[in-house]
Amino acid sequence: MVPIAEFEAARPQLFAVAFRLLGSVHDAEDAVQTTWIKASTADAVDVRNPAAWLTTVLTHVCLDQLRTRRRRGEEPLLADLIPAEARTADEHCLRRENISRALMVVLDRLTPPQRVAYVLHDLFDVPFREVAHTLGTSSDNAKKHASRARRRIEQADPAFATTAEERAVVDAFLDAAAGGDIDRMLALMTDDCVRAADPALVPSGTPPVVSGARAVAEETRLFADRIRAAVPMTVAGRPAHVIAPGGHLLAVVEVTLRNGRVSRIDIVRPHPDTAISMPAVGSPQPTLDPRSN
C-alpha cells in the first residue's frame, strides 16, 4: 500500500497525466480518485518508486475508459454537446496549466494506445519499457504507437500554403474580433465580405449567411468568447482556425482573403474523419511541453 502522503505528493502529476489522456477535468479527477482506491486496497508490495507505480495504475484506469469509449463507438463530443459547467472547468484547466488547446483537439482523435504512448513518453518522459508494460505489448510496439501519434499530431505541410502577410491579416482580424473591435475589423474586410456558418453553430433565428462588412463585424462581436477559444491548425491540408473551448472541438473557421483583406469567413462543423493536425510551419506554435506549465 502506498502511504497517503506519497499519493498526495504525486496527485498533481497524476491529474496532469489523466487530463491529457481523458480530456476532461471531471473524468481526470475520477481517475485519480480510482487510482487512490486501488492503491489503498492493493496487497502489500515493495514500491520503490511510488510516483511511477501510481502513474502506471492511473494509466490503466484511463486506458480502460478510453477503450470503453472506443468499443461503444463514441466520437469525441463537440463542445456544445458538453455541459457548460464541465466545459468551463476544462477551459480553466487549460489556462491554469497553460496546456495547448490544439494538442488536446488532436489527442482526442488518436486511438487509445497511441494516446497513451504519446502522452506518457513524449510529454512525461516515461520510458518505452514502462509504456509497453502498461499497454501489455512490446517496447517496439509501444514505440510504433507513439510514432503514429506523432505523425498525426505534428505539423504537416498544408496543401494550400499561406504567406506571412496573409497569416498576419487573418491573425489581426481574429484578434480584433476577439476584442470586439468593430472599427479594426472593418479596416481589414472587403466591403462585400460574407460570413457563412453551419446553422447548428448559430443561435436560432440567426441567418446562416450574413453579407456586408459592417453586418459581419457587428455579428462577429457577439461571438467574441468563441473566437478567443480559437487556435491555428491545419484542417484537411488547409490552414484554418479551430474553435475549441476547453480543448473540445466546436467548429473550424476558414478565412478567405482578396487583395489582402478578408472577403469571406466560413464556420463549419468538421466531419469526424477530417484530418486535423498542429499548425503548419510559420503559424503560431502552441506549447507541447507540460513541464513548462
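Everything quoted here is computed from the prediction, not taken from an experiment. FYI, the numbering just counts along the sequence from 1. The figures that follow rest on heavy atoms only: side chains count, while hydrogens, waters and symmetry mates do not.
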Is M185 close to T220 at the side-chain level, that is, under 4.5 Å between some pair of heavy atoms?
-> yes
Can you tell me how far CD1 of I265 sits from CE of M189, rounded to the nearest 0.5 angstrom?
-> 6.5 Å
Hey, is the main chain of R109 close enough, under 3.5 Å, to the side chain of R152 for a donor-acceptor pair?
-> yes
Can you tell me if Q114 uses its side chain to pair, donor with acceptor, with the backbone of A149 under 3.5 Å?
-> no
To the nearest 0.5 Å, atom CG of L201 lies from atom CD1 of I243 at 8.0 Å
Can you get from V255 to I182 by hopping between Ile, Leu, Val, Met, Phe, Trp and Tyr side chains that sit under 4.5 Å apart?
-> yes
Hey, are the side chains of D183 and D181 touching, using non-hydrogen atoms and a 4.5 Å cut-off?
-> yes
Salt-bridged, E91 to R96, with N to O below 4.0 Å?
-> no
Check: R195 side chain, P208 main-chain N or O, donor-acceptor pair, under 3.5 Å | yes
So how far is it from S139 OG to H133 NE2, rounded to the nearest 0.5 Å?
-> 11.5 Å
F7 and V32, any side-chain heavy atoms less than 4.5 Å apart = yes
Atom CZ in F15, atom SG in C93: separation rounded to 0.5 Å?
-> 4.0 Å
Minimum heavy-atom distance between C193 and V216, given as atom pair plus value = O-CG2, 3.7 Å
When every non-hydrogen atom of A177 is compared with those of I227, the smallest separation belongs to CB-CD1, 3.5 Å
Exam field: side chain T206 to backbone V202, donor-acceptor pair closer than 3.5 Å = no
Using the side chain to side chain contact (heavy atoms under 4.5 Å, CB included) rule, take V231 and M233 through it: C-alpha gap first, then chi angles, then the decisive distance, then the call.
-> CA-CA 6 Å; V231 61; M233 299 190 74; 4.0 Å; yes
Using the side chain to side chain contact (heavy atoms under 4.5 Å, CB included) rule, take L22 and R69 through it: C-alpha gap first, then chi angles, then the decisive distance, then the call.
-> CA-CA 10 Å; L22 299 176; R69 293 178 187 174; 3.9 Å; yes
Are any side-chain N or O atoms of R228 and backbone N or O atoms of A178, one a donor and one an acceptor, separated by less than 3.5 Å?
-> yes
Between R184 and D175, which heavy-atom pair has the shortest distance, and what is it?
-> NH1-OD2, 2.8 Å
For residues 54-67, the side-chain hydrogen bond (donor to acceptor under 3.5 Å, both in side chains) pairs (sequence neighbours left out) are D27-Q65
Among side-chain atoms of S147 and R151, is any donor-acceptor pair under 3.5 angstrom?
-> yes
Taking all atoms of both residues into account, what is the closest heavy-atom pair of A18 and A31, and its distance?
-> CB-CB, 4.4 Å
Should the pair D191-R214 be classified as a salt bridge under the 4.0 Å nitrogen-to-oxygen rule?
-> no
If you group Ile, Leu, Val, Met, Phe, Trp and Tyr by side-chain heavy-atom gaps below 4.5 Å, do L103 and V235 land in one group?
-> yes
Do side-chain atoms of S263 reach the backbone of T256 as a donor and acceptor pair under 3.5 angstrom?
-> yes
How far apart are the C-alpha atoms of D171 and H241, what are their side-chain angles, what is the distance that settles it, and do they pass the side chain to side chain contact (heavy atoms under 4.5 Å, CB included) test?
-> CA-CA 10 Å; D171 291 343; H241 283 71; 3.7 Å; yes
Give a yes or no on whether a salt bridge exists between D80 and R269, defined as a side-chain N under 4.0 angstrom from a carboxylate O.
-> yes
Does the pair E97 and F19 meet the rule for a side chain to side chain contact (heavy atoms under 4.5 Å, CB included), with working shown?
-> CA-CA 11 Å; E97 300 196 22; F19 182 76; over 6 Å; no
Working to the nearest 0.5 Å, report the span between CG of D30 and OG of S24.
-> 8.0 Å
Identify whether the distance between the nearest side-chain nitrogen and carboxylate oxygen of E218 and R221 falls below 4.0 Å.
-> no
Taking C-beta and beyond as the side chain, do V116 and H145 meet within less than 4.5 Å on heavy atoms?
-> no
Test item: R87 side-chain N/O and P245 main-chain N/O as donor-acceptor pair under 3.5 Å = no
Assess whether atom CD of E85 is packed by more than 12 heavy atoms of other residues, nucleotides or ligands within 6.0 Å.
-> no
Just by distance, do the side chain of T274 and the backbone of P270 share a donor-acceptor pair under 3.5 Å?
-> no
Is F173 linked to V242 within one hydrophobic cluster, defined over Ile, Leu, Val, Met, Phe, Trp and Tyr using a side-chain heavy-atom separation of less than 4.5 Å?
-> no
For A187 against R261, the heavy-atom pair lying closest together | O-NE, 3.9 Å
Quick one: does M278's side chain get under 4.5 Å of S100's, heavy atoms only?
-> yes
Test: R264 and D192 ion pair at under 4.0 Å | no
Do the non-hydrogen side-chain atoms of V262 and L257 ever get within less than 4.5 Å of each other?
-> yes
What distance do I153 atom CD1 and Y118 atom OH have between them, rounded to the nearest 0.5 Å?
-> 4.5 Å
Minimum heavy-atom distance between A172 and L188, given as atom pair plus value | C-CD1, 3.7 Å
Are I276 and M104 connected in a single hydrophobic cluster, I mean Ile/Leu/Val/Met/Phe/Trp/Tyr linked by side-chain heavy atoms less than 4.5 Å apart?
-> yes
Does the side chain of D108 come within less than 4.5 Å of L249's, by heavy atoms?
-> no
Just checking, is any N or O donor in the side chain of S138 or D140 under 3.5 Å from an acceptor N or O on the other one?
-> no
Would L54 and W36 show up in the same hydrophobic cluster when neighbours are defined by side-chain heavy atoms closer than 4.5 Å?
-> yes
